Amino acid sequence: MNRPYLKVAGSNVLIVSTARERHFVGMAEKPKIKIESATQLAVFLSNRPGALARVCEELAGAKINIHALSISDTADHSVVRMAVSDPTKALMLLGERGVLALETEVLMIETENHPGMLGRIAERLAEAEINIEYAYMAATLNSPNGLMILRPDDVEKAHKVLGNL
C-alpha cells in the first residue's frame, strides 16, 4: 500500500492518518458480524452512591464477569442493564441480597467498527417490521470491532433477519 511520506534531510518520515485509513480500508468488503442471543439482567438499584459498587463487588466475588452495562436513572432508582457471564447465578445471588433483577433476552452483536453499521442493522430490522426497544453499544476509538446489545421486540426473528447481514 502506498502511504504518504515526507522526506526530511535525506530520510523518509512516514505520515500516517489513522482516521483516514480507518474509514476507507476494507469498506468494500462485506462486514463481519457475530450475533448471539443472551440473557440480560435489569437490576433495580436505589439512586445512591455505592449501590452499583456493592452489586459489582458481589458479582466479582462470585467470579461473574460483566460484558456490557447500561444505566438509566429516575428520581428514586436506577435501572442497570447488564450482560454477564453467568446470568442465572447472578440472578440468584442478587435475589439472595434483596436486589430486584429481571431477565430479558437480547442480542449481543459484535461487528466491525465503522460508520453506517448501526444504520444497516436498523434498516434491516425495519424492513422486517421489527422494532428496536433499546440498544447500547461501545468500542474504543481505534478498535476494529464494537459490541452492541440490542433489544428487539422479536429476538428470534431479529436473529434470523440479521444472520446474513
Side-chain angles (χ1 to χ4, degrees), residues 1-8 12-45 47 52-53 55-56 59-60 64-75 77-88 90-91 101-165:
M1 171 189 292
N2 289 336
R3 292 187 177 178
Y5 67 93
L6 174 66
K7 193 165 188 153
V8 178
N12 292 332
V13 176
L14 180 64
I15 300 173
V16 177
S17 171
T18 56
R20 170 174 273 160
E21 288 180 347
R22 190 169 152 228
H23 291 292
F24 294 106
V25 172
M27 291 293 288
E29 300 171 13
K30 183 176 179 181
K32 295 168 187 70
I33 186 168
K34 178 182 173 188
I35 303 172
E36 59 185 79
S37 295
T39 300
Q40 174 193 262
L41 301 181
V43 181
F44 297 86
L45 299 177
N47 200 359
L52 178 62
V55 166
C56 292
L59 294 175
I64 299 170
N65 192 25
I66 300 170
H67 298 299
L69 183 129
S70 169
I71 302 173
S72 57
D73 68 333
T74 66
H77 73 277
S78 294
V79 179
V80 180
R81 291 184 170 110
M82 60 175 69
V84 297
S85 59
D86 190 339
T88 303
L91 192 63
L102 304 173
E103 292 178 296
T104 308
E105 190 176 1
V106 295
L107 293 178
M108 289 181 75
I109 304 171
E110 183 180 349
T111 186
E112 292 178 344
N113 180 22
H114 62 74
M117 198 63 223
L118 176 58
R120 290 181 64 188
I121 290 169
E123 181 63 32
R124 180 71 61 93
L125 293 174
E127 288 170 357
E129 297 185 6
I130 299 170
N131 188 44
I132 298 172
E133 294 178 359
Y134 59 83
Y136 50 101
M137 55 192 191
T140 61
L141 294 176
N142 296 313
S143 174
N145 294 323
L147 177 65
M148 177 188 314
I149 305 298
L150 183 75
R151 173 63 181 159
D153 59 2
D154 187 332
V155 174
E156 189 174 315
K157 185 177 176 184
H159 195 278
K160 288 177 187 173
V161 166
L162 296 175
N164 63 355
L165 186 64

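Worth knowing before you read on, the calculation uses all heavy atoms, side chains too, and leaves out hydrogens, waters and symmetry mates. Everything numeric here is computed off the predicted structure, so don't read it as measured data.
- For T88, there are no side-chain hydrogen bond (donor to acceptor under 3.5 Å, both in side chains) partners two or more places apart in sequence or in a different chain.
- Taking both residues in full, the closest heavy atoms of G146 and A139 are given as CA-CB, 3.7 Å, listed atom of the first, atom of the second, then distance.
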Side-chain donor/acceptor pairs under 3.5 Å, residues 78-86, sequence neighbours excluded:
from : atom 1 : to   : atom 2 : distance (Å)
S78  : OG     : N47  : OD1    : 3.4
R81  : NE     : Y134 : OH     : 3.3
S85  : OG     : N65  : N      : 2.8
D86  : OD1    : K89  : N      : 3.1

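- A heavy-atom distance below 4.5 Å is not found between the side chains of E110 and I33.
- Around atom CD of E129, no more than 12 heavy atoms belonging to other residues, nucleotides or ligands sit under 6.0 Å away.
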Go through the steps for L107 and E36 under the test side chain to side chain contact (heavy atoms under 4.5 Å, CB included), then give the verdict. CA-CA 6 Å; L107 293 178; E36 59 185 79; over 6 Å; no

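- Atom CG of L147 sits about 9.5 Å away from atom CG of N145, to the nearest 0.5 Å.
- For M108, the CE atom is densely surrounded, since the number of other residues' heavy atoms within 6.0 Å is greater than 12.
- Here the NZ atom belonging to K157 is positioned 11.5 Å from the CG atom belonging to L162, to the nearest 0.5 angstrom.
- Side-chain atoms of E112 and P144, non-hydrogen and from C-beta on, never get closer than 4.5 Å to each other.
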Any chance you could lay out the side chain to side chain contact (heavy atoms under 4.5 Å, CB included) test for L52 and I71, step after step, and finish with the verdict? CA-CA 10 Å; L52 178 62; I71 302 173; 3.6 Å; yes

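- I130 places a side-chain heavy atom less than 4.5 Å from the side chain of D153.
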Test log, rule side chain to side chain contact (heavy atoms under 4.5 Å, CB included), inputs I66 and C56: CA-CA 8 Å; I66 300 170; C56 292; 4.0 Å; yes

Walk me through it: do I149 and S70 pass the test side chain to side chain contact (heavy atoms under 4.5 Å, CB included)? CA-CA 10 Å; I149 305 298; S70 169; over 6 Å; no

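- Listed for the K160 side chain is no donor-acceptor partner under 3.5 Å among the backbone atoms of V155.
- By the neighbour-count criterion of 12 heavy atoms within 6.0 Å, atom CD of E105 is densely surrounded, having more than that number from other residues, nucleotides or ligands.
- Rounding to the nearest 0.5 angstrom, the gap separating the OH atom in Y136 from the CG atom in L150 is 10.5 Å.
- Side-chain contact of R151 with N131: a donor-acceptor pair under 3.5 Å is absent, judged by distance alone.
- Taking the side-chain hydrogen bond (donor to acceptor under 3.5 Å, both in side chains) definition, one finds that H67 meets it with nothing, sequence neighbours left out.
- M117 contributes atom CE, which lies 3.5 Å from atom OG1 of T111 (distance to the nearest 0.5 angstrom).
- Shortest non-hydrogen contact noted between L125 and A158 is CD2-CB, 3.7 Å.
- Taking the side chain as every heavy atom from C-beta outward, L41 and L102 never approach each other to under 4.5 Å.
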